[in-house]
Number of protein chains: 2
Amino acid sequence: MAFTLRQLRYFLATAENRTVSGAAQALAISQSAVTEAIRELEADLGVPLFERHPRGLEITPRGHQFLRHAQQILSSVSDARQAMKVEAEHLSGRLNIGVTSLVAGYVISDVLARFRRANPAVEVAALEDSGEYLEHLLIGGELDAAVMVTSNLRDRLALQAEILEVSPYQLWLPNGHPLAAQPSVAISDLAQEPMIMLRLDETEQPTRRLLDAFGARPRIAFRTRSVEAVRSLVATGAGIALLPALIYRRWSLEGDPIVSRDVSGSLPVVQVGVVWRKGAPLSPAVREFIRTAQSQRFRR
Amino acid sequence: MAFTLRQLRYFLATAENRTVSGAAQALAISQSAVTEAIRELEADLGVPLFERHPRGLEITPRGHQFLRHAQQILSSVSDARQAMKVEAEHLSGRLNIGVTSLVAGYVISDVLARFRRANPAVEVAALEDSGEYLEHLLIGGELDAAVMVTSNLRDRLALQAEILEVSPYQLWLPNGHPLAAQPSVAISDLAQEPMIMLRLDETEQPTRRLLDAFGARPRIAFRTRSVEAVRSLVATGAGIALLPALIYRRWSLEGDPIVSRDVSGSLPVVQVGVVWRKGAPLSPAVREFIRTAQSQRFRR
DNA sequence: ACCTAGCTATCGGTTTTTCCGATAGCGGCA
DNA sequence: TGCCGCTATCGGAAAAACCGATAGCTAGGT
């Protein structure tokens with residue numbers, strides 16, 4: 001009747017290892033202790049977190065949902081401990097950050113909240129806009145830095161980037177889709193498939209160009225600005241999607257499965273990073289922001 | 001070597017009660033158990049969280065800092081549990097939220113992060129700007145809602161507000177300041193005092209008007225947009241400040257004490273709330289956002 | 001069809017943590 | 001000075017956590 005941090009840590013290790021015994025080994029603890037902890041956690045939440053298979057455990061959709069909460073909690077715990085450890089040299093000043101919408105909802109709202117907690121004397125202003133406009137503001141000196149997709153920067157001469165994450169394009173399919181039979185799919189096979197397009201951060205144009213270049217002319221079934229809507233549409237069989245692995249999840253919000261497949265051939269990748277104006281001296285606050293963003297590994 | 005949620009809960013209860021035995025009673029647990037848990041927590045963090053006095057405990061500046069982390073962690077824990085409890089009816093759609101800068105850094109970044117976690121299918125866009133401009137956008141229908149100081153709304157006819165927090169003005173003084181001798185201070189006594197002004201959310205104009213109205217003509221020593229800068233300046237004796245109790249804290253970031261005193265006479269209060277256009281039907285997403293904001297009590 | 005390897009679940013017993021009640025100590029206050 | 005309200009500490013009891021051993025399961029190889 002109240003789970004513990006210990007249970008969360010064991011749960012996390014188990015989810016990462018996809019096996020209890022592996023987690024036990026990583027934790028330097030006996031397997032039975034881990035099994036027990038997970039059983040308690042499930043009983044406490046009233047939700048099965050894993051499906052048991054003879055070769056290991058497979059996380060359930062609800063389990064995966066809880067996993068993200070667990071990660072968030074544990075990272076808050078580690079922040080709290082860190083805050084007590086260091087004899088704070090207090091950063092101050094202003095920090096003007098731009099974010100594109102893809103990145104804004106995804107992971108950066110957590111990073112910003114954490115940064116503000118850790119650096120209360122820094123006045124943070126966050127602005128959400130298109131990558132194009134953010135570049136403009138960066139060059140004009142109105143933003144200190146921006147978090148955005150860097151693989152299609154317009155002005156590479158004036159801007160400098162620190163990559164946070166590199167992510168290849170991959171194909172999303174509904175469960176049981178014929179293309180899922182092969183481990184890897186050729187772009188030309190997509191010719192007749194209805195596509196779901198995500199209208200965020202200019203992921204749409206590169207995708208179209210990609211398809212065009214390979215002569216595939218798929219039908220656009222839907223266009224939406226919501227990642228979750230894409231997931232739901234793919235999961236229910238309304239179409240397939242070609243998107244960065246970064247935002248892939250195994251289930252839609254409703255719990256319907258989504259399958260991902262690599263696309264054969266060398267495709268461009270998406271890079272997400274922190275961008276600032278070349279030559280501009282990085283303020284300590286920006287540097288610290290980059291550190292915070294890096295420490296927050298992107299999560300599925 | 002790794003604190004537990006139990007310890008955080010006991011710590012929180014103790015900080016609220018300012019006494020171990022009171023906390024023990026509230027927790028329906030023995031006093032020695034609480035004492036023990038706090039001792040362990042302090043040993044684990046390597047930081048004294050309370051000063052022991054014969055009539056109870058007084059939290060230290062570091063303890064107070066840790067308290068905010070503890071609150072954040074426990075509220076994440078409760079969110080996680082909640083997420084597993086409800087058989088999610090998934091809200092979707094867009095939510096365009098405006099915030100003023102005072103409110104942005106203070107508590108709303110946490111609320112937004114929590115809202116996004118709890119409602120992943122809602123595309124949230126947050127915009128930070130002046131109250132005046134936010135009103136304009138609200139009336140134009142470009143924002144669904146805004147979190148801002150509502151006590152000086154310009155257009156009360158077209159806008160409607162749900163108050164989140166009401167907060168009276170109070171006086172901030174350095175430790176040992178002569179005015180701190182009295183429990184309550186008259187505005188006229190401020191005539192000769194150097195003032196620190198906060199240039200956020202139009203807190204400055206009302207303050208000036210207030211002082212003018214009472215014939216007090218204090219000297220403006222500093223103007224800054226950083227709440228923490230005001231705290232540091234007041235704590236080090238650079239001046240005094242007249243600000244909403246909402247943002248009062250007992251110490252500056254450096255750990256120097258700040259004293260607060262009520263101002264005698266009936267002063268205007270500051271109201272912080274969620275504002276939307278009158279007559280506009282509140283979308284479920286907005287309603288849920290208000291609920292999230294309300295549940296997050298403002299923290300000192 | 002039958003092993004075997006690799007995994008999880010469960011159980012008894014041990015160690016560690018948590019809790020309680022009792023008691024001692026400490027400083028305000030009548 | 002003695003009482004009152006609080007915290008710290010201690011011994012012992014109760015509960016939780018852990019371990020090692022064992023049983024059970026199934027995919028994959030033979």
Side-chain angles (χ1 to χ4, degrees), chain A residues 1-60 62-64 66-67 70 73-74 77 81 183, chain B residues 1-60 62-64 66-67 70 74 77 81:
Chain A
M1 172 58 218
F3 58 78
T4 68
L5 291 177
R6 180 187 65 96
Q7 287 165 350
L8 294 188
R9 280 187 264 264
Y10 293 5
F11 167 60
L12 184 57
T14 306
E16 283 171 352
N17 285 73
R18 287 189 292 278
T19 141
V20 169
S21 39
Q25 201 160 353
L27 294 164
I29 216 181
S30 83
Q31 169 256 320
S32 58
V34 178
T35 297
E36 170 79 358
I38 289 177
R39 202 183 51 73
E40 286 171 1
L41 183 56
E42 288 179 320
D44 177 49
L45 296 173
V47 167
L49 300 170
F50 294 103
E51 279 174 19
R52 272 68 173 178
H53 294 139
R55 310 299 277 188
L57 304 191
E58 192 184 354
I59 199 162
T60 62
R62 311 287 327 253
H64 191 267
F66 186 72
L67 177 61
I73 291 167
L74 291 175
V77 165
R81 157 164 266 110
Chain B
M1 172 58 219
F3 57 79
T4 69
L5 291 176
R6 181 186 64 96
Q7 286 165 350
L8 294 188
R9 280 187 264 264
Y10 293 4
F11 167 60
L12 184 56
T14 305
E16 282 170 354
N17 285 73
R18 286 189 292 277
T19 138
V20 169
S21 40
Q25 201 159 353
L27 294 164
I29 219 182
S30 83
Q31 168 256 320
S32 58
V34 178
T35 298
E36 172 78 358
I38 289 178
R39 203 183 50 73
E40 285 171 2
L41 184 56
E42 288 178 319
D44 177 50
L45 296 173
V47 167
L49 299 170
F50 294 103
E51 280 173 19
R52 273 69 172 178
H53 295 139
R55 312 297 278 187
L57 303 191
E58 191 183 356
I59 200 163
T60 61
R62 309 292 319 261
H64 190 267
F66 186 72
L67 177 61
L74 291 175
V77 165
R81 156 164 267 110

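Throughout, a chain's letter reflects where its sequence line sits, starting with A, and its residues are numbered from 1. Just the heavy atoms: all of them, side chains too, but no hydrogens, waters or symmetry mates, feed the values below.
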*Asks:* Please list all pairs passing the salt bridge (charged side-chain N to carboxylate O under 4.0 Å, His left out) test where one or both residues lie in residues 18-36 of chain B, with sequence neighbours left out.
*Replies:*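 Qualifying pairs, neighbours excluded: B/Glu36-B/Arg39.
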*Asks:* Taking only residues two or more places apart in sequence or in another chain, which ones pass side-chain hydrogen bond (donor to acceptor under 3.5 Å, both in side chains) with B/Arg55?
*Replies:* none
*Asks:* Among residues 13-23 of chain A, which ones have heavy-atom contacts with DNA chain C below 4.0 Å?
*Replies:*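 By residue number: A/Thr19, A/Val20, A/Ser21.
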*Asks:* Each nucleotide N or O in nucleotides 26-30 of chain C that has a protein N or O under 3.5 Å away: list the pair and distance.
*Replies:*
none

*Asks:* Taking OP1 and OP2 of C/dT8, is either one under 4.0 Å from a side-chain nitrogen or oxygen of A/Thr35?
*Replies:* no
*Asks:* So, using side chain to side chain contact (heavy atoms under 4.5 Å, CB included) as the criterion, who are the partners of B/Glu16 when residues are at least two apart?
*Replies:*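 Per chain and number, B/Glu16 pairs via side chain to side chain contact (heavy atoms under 4.5 Å, CB included) with B/Leu12.
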*Asks:* Kindly state each residue pair satisfying ring-ring contact (aromatic ring centres under 6.0 Å, His included) with at least one member in residues 19-43 of chain A, sequence neighbours excluded.
*Replies:* none
*Asks:* Quick one: what's the B/S/- string for nucleotides 11-22 of chain C, heavy-atom cutoff under 4.0 Å, read 5' to 3'?
*Replies:* -------SSBB-
*Asks:* With sequence neighbours excluded, what pairs up with A/Phe66 under the ring pair (Phe, Tyr, Trp, His ring centres under 6.0 Å) test?
*Replies:* A/Phe3, A/Phe11
*Asks:* Checking A/Ser30 now: which residues fulfil side-chain hydrogen bond (donor to acceptor under 3.5 Å, both in side chains) with it, not counting sequence neighbours?
*Replies:*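 Partners of A/Ser30 by the side-chain hydrogen bond (donor to acceptor under 3.5 Å, both in side chains) criterion, ordered by chain and then number, come out as A/Ser32.
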*Asks:* Can you list everything that forms a salt bridge (charged side-chain N to carboxylate O under 4.0 Å, His left out) with A/Arg6? Sequence neighbours excluded, please.
*Replies:* A/Glu40
*Asks:* I want to check one thing: is the phosphate of D/dA8, taken as OP1 and OP2, less than 4.0 Å away from some side-chain N or O of B/Arg39?
*Replies:*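 Looking at the OP1 and OP2 atoms of D/dA8, neither is under 4.0 Å from any side-chain N or O of B/Arg39.
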*Asks:* A side-chain contact here means heavy atoms from C-beta on lying under 4.5 Å apart; do B/Thr4 and A/Leu5 qualify?
*Replies:* no
*Asks:* Going by the rule side-chain hydrogen bond (donor to acceptor under 3.5 Å, both in side chains), which residues pair with A/Thr60 if we only count those two or more places apart in sequence or in a different chain?
*Replies:*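 Applying side-chain hydrogen bond (donor to acceptor under 3.5 Å, both in side chains) to A/Thr60 gives none.
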*Asks:* Under the salt bridge (charged side-chain N to carboxylate O under 4.0 Å, His left out) rule, collect the residues that match up with A/Glu58, sequence neighbours excluded.
*Replies:* A/Arg250
